[in-house]
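Each remark here refers to the structure printed beneath this line.
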Amino acid sequence: MRKLKVSGYLLWIVVLLLTACAADSWSPVAGSTELLKDASWTCGSGNTTKDGALVIAAGNEFRAYVNIYGPRLITQGDFGVAVTLSAAQENLAAFSLVGRLGTSAWWDQGRKLDVGLEEGQIIVNYYNGASFMPNVTQTFAVDGLSGKVKLELRRVGAEFVVFANGKEIGRMAAVDAFPDGFAYFGASVRPNNALTLYDLTVTAPPENTAVAVDFSGGAAYTPTEPPLRTLADARHLLVGGAVEPQHILCDKTYAEVLGREFNILVTENAFKFWPIHPEPGRYDFTGSDTVVEYAEAHDMRIRGHTLVWHQSTPDWINNATFTQEQWNEVLQEHITTIVSRYKGRVDYWDVVNEAISESGSGGLRKTVWSTGVGADYVDKAFTWAHAADPEALLFYNDYGAEGLNPKSDQVYALVKDMVARGVPIHGVGLQMHVAPGTAPKPEDLLANIQRLGALGLQVHITELDVRLPSNVTESMLTLQANLYQELLEVCLSADNCTAFVMWGFTDRYSWIPGSASGYDHALIFDKAYRPKPAYFALRKALEMKQSLGPEDFGASCNCAP
Ligand code: G3I
């Protein structure tokens, strides 16, 4: 009887030991102990390091930080993420696994799982992209949480298992946070709190070898020959894309593709009033310098976008109550300061952007500039820019004025008048944000470019992108490729069309998903930097021995037999 009791105890001990061993058999995934050392965590993010730990602080607003430049977790099967962290516990501070990035706002259409501390408890929040509030919240009470806390979240089958300081503290149903099979790392921090991460590791059970850390961040770029810029140089054409300084600094593949493929770039936002001149008398050239220095180092020409626009102005301009004289001083000083700084370095300026009214019939749009400086603000802007750098070529840039239509007639009338009065203008930028079906007819585009040429003006295609539905198909990508090729062929066929510039170059960072709901895939490299059919279509157009002539573009052709 006594023997039986003893062997019963032994059996229990064996079972307990086996269970403990099974839990401990999860181990760090190869390379994942290096995760926090990746330079991406501090690149351009405002995060800092202290004694080897990473500090992710919020200012006076909620911080939803995602390390988009860093390694990604491949979320196959069962996996865990283990961190050691500390934060002020009355206020949320959590590490995040972001299965999908938000578009127009951090939460919009995103997927994010937060695991952290709040009010002395462990909290798990899941945001499904429908709201800035979590749609699943679960808290776990744990005694004596203070200082450094070790947290681990494991996905085991259909459950999330949460551990604190090495002990399981609860379970919940696993939510569908990783629909694309990967997760970015990040953090959510309430205002005035800071999260310190001491370590971060991905774990997996021995039988799951599929879970991994992808240190490339999802990039799959393989250079192909020849680069577009080599072909474009041979055709005396500038071909390029809009860029953001932070991507240049923090995304190695972005910087590699940009310099390899293009001979011109344009600043997507860095030269706009708001980032460059945020307060009266204070300029911030950090972003613009990064872009200009990059272009110079890669022998690329530069378009500066844009000196005068009614959008992206800071509040000190939006809410100003200046006299007309003061408005003139402010704008002249702004233009002179920026153009002088980059004299001889920025080749082309979009001096005035989108000044023609939306309706296409009402002449100049009413803006802070037209009311503040006066109706002659366009002339003045060009004159001031020319005075600051007489060698730079100065452009008027607009959208919806690419083909032949009332708006392009207005643009034509505006610049014709400027030319006639001797205002220093050298070119017109045709933005070209289109979709298959909304692009101008090639013969109209050509006719528009040629009538501007007859005024002695150059034309740049300045912001080309061809948006497609988010649920894209092969045939849509083919349509897109055909359109890219057709537009480039038109540009190549007109002597005064001297630059072909897209609004970005990779779908990874395009403005389209964030502003045109349901659309995406607008550029020539996909989100992993793989060249798309549109890329090869551009190559084909550039490789054609001879440019097409006006007769190749149909209706408006006035060609002699
Ligand atoms: O970087 C800031 C970030 O620090 C801040 O916290 C956040 C909060 O709003 O904003 C971020 O800035 C955003 C910026 O893009 C950089 O991502 C601005 O909000 C956002 O308004 C801005 O949008 C840009 C938009 O112009 C307005 O300036 C787009 O990226 C840019 O693609 C778009 O470009 C325009 C051309 O200049 C003119 N033609 C049309 C084209 C598309 O709208």
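Order of listing sets the numbers, starting from 1, for every ligand and every atom in it.
The aromatic ring centroids of Phe271 and Phe273 lie 6.0 Å or more from each other.
Considering backbone and side-chain N/O atoms, Glu354 comes within less than 3.5 Å of an N/O atom of ligand 1. For ligand 1, the polar-atom distance check finds an N/O of His305 within less than 3.5 Å of one of the ligand's N/O atoms. Ligand 1 has an N or O atom lying under 3.5 Å from an N or O atom of Ser312, backbone or side chain. In terms of polar-atom proximity, Asn269 is counted as a contact of ligand 1, with an N or O under 3.5 Å from an N or O of the ligand. Close N/O approach between Glu463 and ligand 1 is found [any backbone or side-chain N/O within under 3.5 Å].
Around the OH atom of Tyr412, the shell of radius 6.0 Å holds more than 12 heavy atoms that belong to other residues, nucleotides or ligands. For NZ of Lys416, the number of neighbouring non-hydrogen atoms (other residues, nucleotides, ligands) closer than 6.0 Å is 12 at most.
For atom 20 (C) of ligand 1, the nearest protein heavy atom lies 4.0 Å away or farther.
When the options Trp274, Tyr509, Tyr399 are ranked by their closest heavy atom to atom 18 (C) of ligand 1, first place goes to Trp274. The heavy atom nearest to atom 25 (C) of ligand 1, out of those in Glu268, Glu244, Lys272, Gln246, is found in Lys272.
When each of Asp350, Thr267, Asn269 is tested with His305 by the rule side-chain hydrogen bond (donor to acceptor under 3.5 Å, both in side chains), just one qualifies, namely Asp350.
A side-chain donor from one of Tyr283 and His277 sits under 3.5 Å from a side-chain acceptor of the other.
Close approach of ligand 1 to Asn353 (heavy-atom distance below 4.0 Å) involves ligand atoms 38 (C).
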